[in-house]
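Each remark here refers to the structure printed beneath this line.
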Number of protein chains: 2
Amino acid sequence: MRLVIAKCSVDYAGRLSAHLPLAMRLLIVKADGSVLVHSDGGSYKPLNWMSPPCRLAESGTEWVVTGKSGETLTVHLEEIISDTSFALGEDPGLVKDGVEAHLQELLAAQLHVFGVGWRLVRREFPTAIGPVDLMCRDAVGISVAIEVKRRGEIDGVEQLTRYLELLNRDPLLAPVQGIFAAQEIRPQARVLAEDRGIRCVTLDYESMRGTDDGALRLF
Amino acid sequence: MRLVIAKCSVDYAGRLSAHLPLAMRLLIVKADGSVLVHSDGGSYKPLNWMSPPCRLAESGTEWVVTGKSGETLTVHLEEIISDTSFALGEDPGLVKDGVEAHLQELLAAQLHVFGVGWRLVRREFPTAIGPVDLMCRDAVGISVAIEVKRRGEIDGVEQLTRYLELLNRDPLLAPVQGIFAAQEIRPQARVLAEDRGIRCVTLDYESMRGTDDGALRLF
DNA sequence: GAATTTATCTCGTCC
DNA sequence: GGACGAGGTAAATTC
């Protein structure tokens, strides 16, 4: 990664034409050749940029970055304050705790959506064939295994069915009921689930976020 | 603007939770307090960031950036390779020649949308009060001044009126007709233009792009 | 791999 | 100031 602080003007010609008048800016040249032009404000979006794949041709005080489709970013360097390079290496990348995990978390805190008196046994309840998303007991103490999905499809019903079959062999747990909970449940999945005695619950993510217990209401 | 090259791990907690494992990265702290975490690849989008307005609290090897709604970006610095600051000053900002310039370009190549036998005299035809977007001659040699806008409003009609008034004083050009061409022409602007004998033409940008002469089909 | 949906969207414009 | 839509959208997910 190369960082250049310089007084420069920049022109872009591609889908649109854009021009940046002469000013002091940060130029970033990444390992893949992409170039970002940042000012000292605004959002994370650069004032101007060239996305990879692209090629940087440097000649004197002019950089010409050419993109895959022929679009060009031209940088005229007037005065270079700093020009440094660093070897950063590969980045392991961002890990997002996505929606499914969050839904599971919200549900664990709001078991009352299934009925009063329910209590959580544990999240990610371990079994020999994988963890059950939520293991609970209802008001009268019946075990309930809940499979949480963002989109409820047949695969998810099959998965829950396998868990239920296994769990029902355990005399300490049996009988175990099943709930298939998802933001959206496909008709075929619903038919299959109900045919197998599995209750289907569609979840309203937004309202669950809004009516949570407060600990999750930070944002 | 402060640039830090450091081995760091980053956590974001806001609308979603996200984590960046330990790796060497570029940290940018802008004048408005916003923070960007960039790797040496990917797009112009940072791996993680905090948008202004926000507040950076630095304590030892930990940065905690808190956003307006309470969301936080936490950076754990393991090893700092470089830490430099620069005064960049205000940026004059991006000038997009975007659609208007492109429309002018397309129109110049497709004068037949006005009528057969038209020819272009020149684009950006200079006058004492500014350039006329397109100066043409129609099939019988009458001069036509065309004002091109993305959105046709009264201002544009006034502008064209001033040009026409000036151009019509030139015996080599007069009489000069006017055309007000825009993707969308506001009713008031249309009324004013037609009242002054200026022809209004609405342009279909997409179809003009689609039927261009090929030279413009680079992107 | 193409099409569709999402986004800590950003950014402008209109009302 | 909020609502609405486009974006050099980019990126993830579904088909």
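Remember, it's a predicted structure, so these values are computed and weren't measured experimentally.
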For atom CZ of A/R55, is the number of surrounding heavy atoms from other residues, nucleotides or ligands below 6.0 Å larger than 12? no
For a quick test of reading the model, state the closest non-hydrogen atom pair linking A/A181 to A/I146 and the distance between them. CB-CG2, 4.2 Å
note: B/L16, atom CG; D/dA11, atom P; distance rounded to Å ~ 15 Å
Rounded to whole Å, how long is the line connecting atom NZ of B/K45 with atom C1' of D/dA10? 7 Å
Would you mind telling me which of D/dG8, D/dA10, C/dT8 lies closest to the side-chain atoms of B/Y44? D/dA10
Rounded to whole Å, please give me the gap between CG in A/L36 and P in D/dA10. 13 Å
Rounding to an integer number of Å, can you tell me how far B/N48 CG sits from D/dA11 P? 14 Å
P-based separation of D/dA11 from C/dC11 [nearest Å]: 16 Å
Roughly how far apart, to the nearest Å, are C/dT6 and D/dG5 at atom C1'? 16 Å
Send over the distance from A/L47 CG to C/dG12 P, rounded to a whole Å. 11 Å
Exercise: identify the closest heavy-atom pair between B/E78 and B/L22: CB-CD1, 3.8 Å
Over how many whole Å does the gap from B/K68 atom NZ to C/dT10 atom C1' extend? 16 Å
Looking across every strand, which nucleic acid part, if any, lies under 4.0 Å from B/S51 by heavy atom: base, sugar-phosphate, or nothing? sugar-phosphate
First encountered from the 5' end of DNA chain D, between A/L73 and B/S43: A/L73
I need the CG-C1' distance between B/D11 and C/dT8, as an integer number of Å. 15 Å
Using a cut-off of 4.0 Å on non-hydrogen atoms, how would the nucleic acid contact of B/Y12 be classed: base, sugar-phosphate, or nothing? base
Please measure how far the P atom in C/dT8 lies from the corresponding atom in D/dT14, and state the result in whole Å. 16 Å
Using atom P of each nucleotide, how far apart are C/dT5 and D/dA6 to the nearest Å? 16 Å
Donor-acceptor check, side chain of A/S69 to backbone of A/E71, threshold 3.5 angstrom: yes or no? no
Distance test, side-chain N/O of A/R186 to OP1/OP2 of D/dC15, below 4.0 Å: yes
Write down the atom of B/Y44, the atom of B/H38, and the distance for their closest heavy-atom approach. O-CE1, 3.3 Å
note: B/W49, atom CH2; D/dA11, atom P; distance rounded to Å ~ 11 Å
How would you label the contact of A/M50 with the nucleic acid (heavy atoms, under 4.0 Å): base, sugar-phosphate, or nothing? base
